[in-house]
There are 2 protein chains.
Amino acid sequence: MDEASFLAGYDPRDYPAVAVTVDVVALTIRDGRLCVLLVERGAQPFAGRRALPGGFARDEPLDAAAIRELSEETGLTPGEGHLERVHLEQLKTYGDPGRDPRMRVVSVAYLAFAPSLPEPTAGSDAARAYWVPVEEATDLAFDHDEVLADGLERARSKLEYTPSATAFVGTEFTIGELRQVYAAVWGEELHAGNFHRKVLSVPGFVESTGETTARGGERGGPKAKLYRAGDARLLHPALLRPTREDRVR
Amino acid sequence: MDEASFLAGYDPRDYPAVAVTVDVVALTIRDGRLCVLLVERGAQPFAGRRALPGGFARDEPLDAAAIRELSEETGLTPGEGHLERVHLEQLKTYGDPGRDPRMRVVSVAYLAFAPSLPEPTAGSDAARAYWVPVEEATDLAFDHDEVLADGLERARSKLEYTPSATAFVGTEFTIGELRQVYAAVWGEELHAGNFHRKVLSVPGFVESTGETTARGGERGGPKAKLYRAGDARLLHPALLRPTREDRVR
DNA sequence: CGAATAGTGTCTTTAAGACATTATCGG
DNA sequence: CCGATAATGTCTTAAAGACACTATTCG
């Protein structure tokens, strides 16, 4: 029986209720570390535990619900320049019976990449939210450990094949800043010289602004050229992670 | 407000009902052509139109619902050896308001790769289902054109980085059969010699059975060595599609 | 035999990675 | 000056792609 013929004679109110929520794995880089946005839970179940931000889907597209949740939790409002540049994509949907002890909850998870955002301000509705380095984001409520792990793996993979690393930095950035994004997300240092040449050789990854930074680095070094994101949606050739042989079996 | 604190004081029966369905983009290769499983809709809306197989999610994991739908539509039962080797993965979730004219329906789409299956038999519950070459699968009900397009793009990409092409052939196969899978999914011929060497050079992609086919090809040619799927979950290095420069912008 | 296919060999080009080198800045 | 970083150069190795070629089998 297909979806529609089933629904034709079907009143969903007769069935056990299903709730649809949207959860967001929001990643950013602070002080060279990859961080995820978490909220502190107030109510049962999992009271006091940390969880991914999320909420009930209203009468809106699922993507819009994800943006709304992110906006509510960070205290940032779309239209002020902060949330516009956030990269957002659907991650995966989690719907196992029992993942919420109270009822059937189907949760559509989203993955977001953001440039370094201000810490959510106390006093706002978002006071319970804060950025946590991903290694310390363990023991989350519900199945959010798994959701986060899936999000991290997706993020690491995305950096290989797409220019989405640019979503973690400002509109203008140096190659060194971009390299720090890769280092933070992949969790390993990259060879500066080879990375530099590689990034510039991929068509459409970055384009020069003609400008340079006003000063050199904090610990010395010359001024760096500034770039902005190019028009490529895929990286050809890709920027592959250093292969760990055992990862593929 | 996060998901759980919202739900704590929330009775979903007070809200507009949301239905969760599972749709399946099931792909197979018949006569060298990539085909998708479609069903003919009987009821309104979209009566008489073709749609992807799918249905309401019951009290079961979402993956289980997808397998169940596939089983019901093809008339094949798990445990008879046909559905075991089907590769199944979650594709994407579609939940825009208005995608079903009657009510809010959130649909979790799955992508399935199957070896050539028998045409669903008339007389069974699956009589309305049949395999259609993907180029002819247009004008589908709901937003299923978009779902199918997303599924095809995912399938093409999967063949690059994973050994999932082996899910389209039998447990034992020749390199030539594998090449026909790539040709059908990517829609372009591949150089036989280079493909052959490439497949054998990727660690864990295929392993030799030591056997060969009993006969040569129908139109001539020598007996071919037989292989089975190896233990790799990712292809290193990958089998990249011939690059079309304009695809990446 | 002729056509088609399996499988291998060879060469060129491209890309990745290791490593060195030069230049420029801050302190 | 010293240490750090930006940016470029060189060399080696791996991989992709074009192409040729042999061997085998069917009709």
Sugar-phosphate only, base, or nothing, as touched by A:Gly216 at under 4.0 Å among non-hydrogen atoms: sugar-phosphate

Polar side-chain atom of A:Arg228 near backbone of A:Val206 as donor-acceptor pair, under 3.5 Å: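 No, the answer is negative, given that no donor and acceptor are paired below the 3.5 Å cut-off.
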
Under 4.0 angstrom between A:Lys225 side-chain N/O and D:dT8 OP1 or OP2: yes

Phosphate-side-chain proximity, B:Arg215 and D:dT25, N/O vs OP1/OP2 below 4.0 Å: no

List the atom pairs, donor and acceptor, that lie under 3.5 Å between side-chain atoms in residues 161-168 of chain A and the rest of the protein, sequence neighbours left out.
unit_1	atom_1	unit_2	atom_2	d
A:Thr162	OG1	A:Lys158	O	2.8
A:Thr162	OG1	A:Ser164	N	3.3
A:Thr162	OG1	A:Ser164	OG	2.6
A:Thr166	OG1	A:Pro163	O	2.8

Geometric class of the A:Phe142/A:His144 ring pair [parallel <30°, tilted 30-60°, perpendicular >60°]: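 Tilted: the ring planes of A:His144 and A:Phe142 meet at 30° to 60°.
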
Quick one: [X] [atom1] to [N] [atom2], roughly how many Å, whole number?
X        : N      : atom1 : atom2 : answer
A:Phe195 : D:dT5  : CZ    : P     : 15 Å
A:Glu177 : D:dA4  : CD    : P     : 20 Å
B:His196 : C:dA4  : NE2   : P     : 20 Å
B:Leu200 : C:dA6  : CG    : P     : 12 Å
B:Glu188 : D:dG17 : CD    : P     : 11 Å
B:Tyr227 : C:dA6  : OH    : C1'   : 10 Å
A:Leu178 : D:dT5  : CG    : P     : 17 Å

Nucleotides 11-23 of chain C: protein proximity per nucleotide (B base, S sugar-phosphate only, - neither; heavy atom, under 4.0 Å): -----SBBB----

Partner set under side-chain contact (heavy atoms from CB on, under 4.5 Å) for B:Arg68, not counting sequence neighbours: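 For B:Arg68 the side-chain contact (heavy atoms from CB on, under 4.5 Å) partners, ignoring immediate neighbours, are B:Arg58, B:Glu60, B:Ala65, B:Glu72.
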
Residues which pass side-chain contact (heavy atoms from CB on, under 4.5 Å) with A:Glu218, listed by chain and number, not counting sequence neighbours: none

Passing candidate, side chain to side chain contact (heavy atoms under 4.5 Å, CB included) with B:Leu235, options B:Leu159, B:Leu240, B:Val202: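 Answer after filtering B:Leu159, B:Leu240, B:Val202: B:Val202.
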
Nucleotide nearest B:Arg219 when distance is taken to its side chain, options D:dT8, C:dA4, C:dG7: C:dA4

Mind listing the side-chain donor-acceptor pairs of residues 170-180 of chain B below 3.5 Å, one per line with the distance, residues two or more places apart or on another chain?
unit_1	atom_1	unit_2	atom_2	d
B:Thr174	OG1	B:Gly176	N	3.4
B:Thr174	OG1	B:Glu177	N	3.0
B:Glu177	OE1	B:Thr174	N	3.2

Please write out each protein N/O paired with an N/O of nucleotides 12-14 of chain D under 3.5 Å, distance rounded to 0.1 Å.
none

N-O pairing of B:Arg241 and B:Glu160 below 4.0 Å: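 Counted as a salt bridge, because a side-chain N and a carboxylate O are separated by less than 4.0 Å.
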
Salt bridge flag under 4.0 Å for residues B:Glu135 and B:Arg33: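 Here B:Glu135 pairs with B:Arg33 in a salt bridge, since their nearest N and O are under 4.0 Å apart.
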
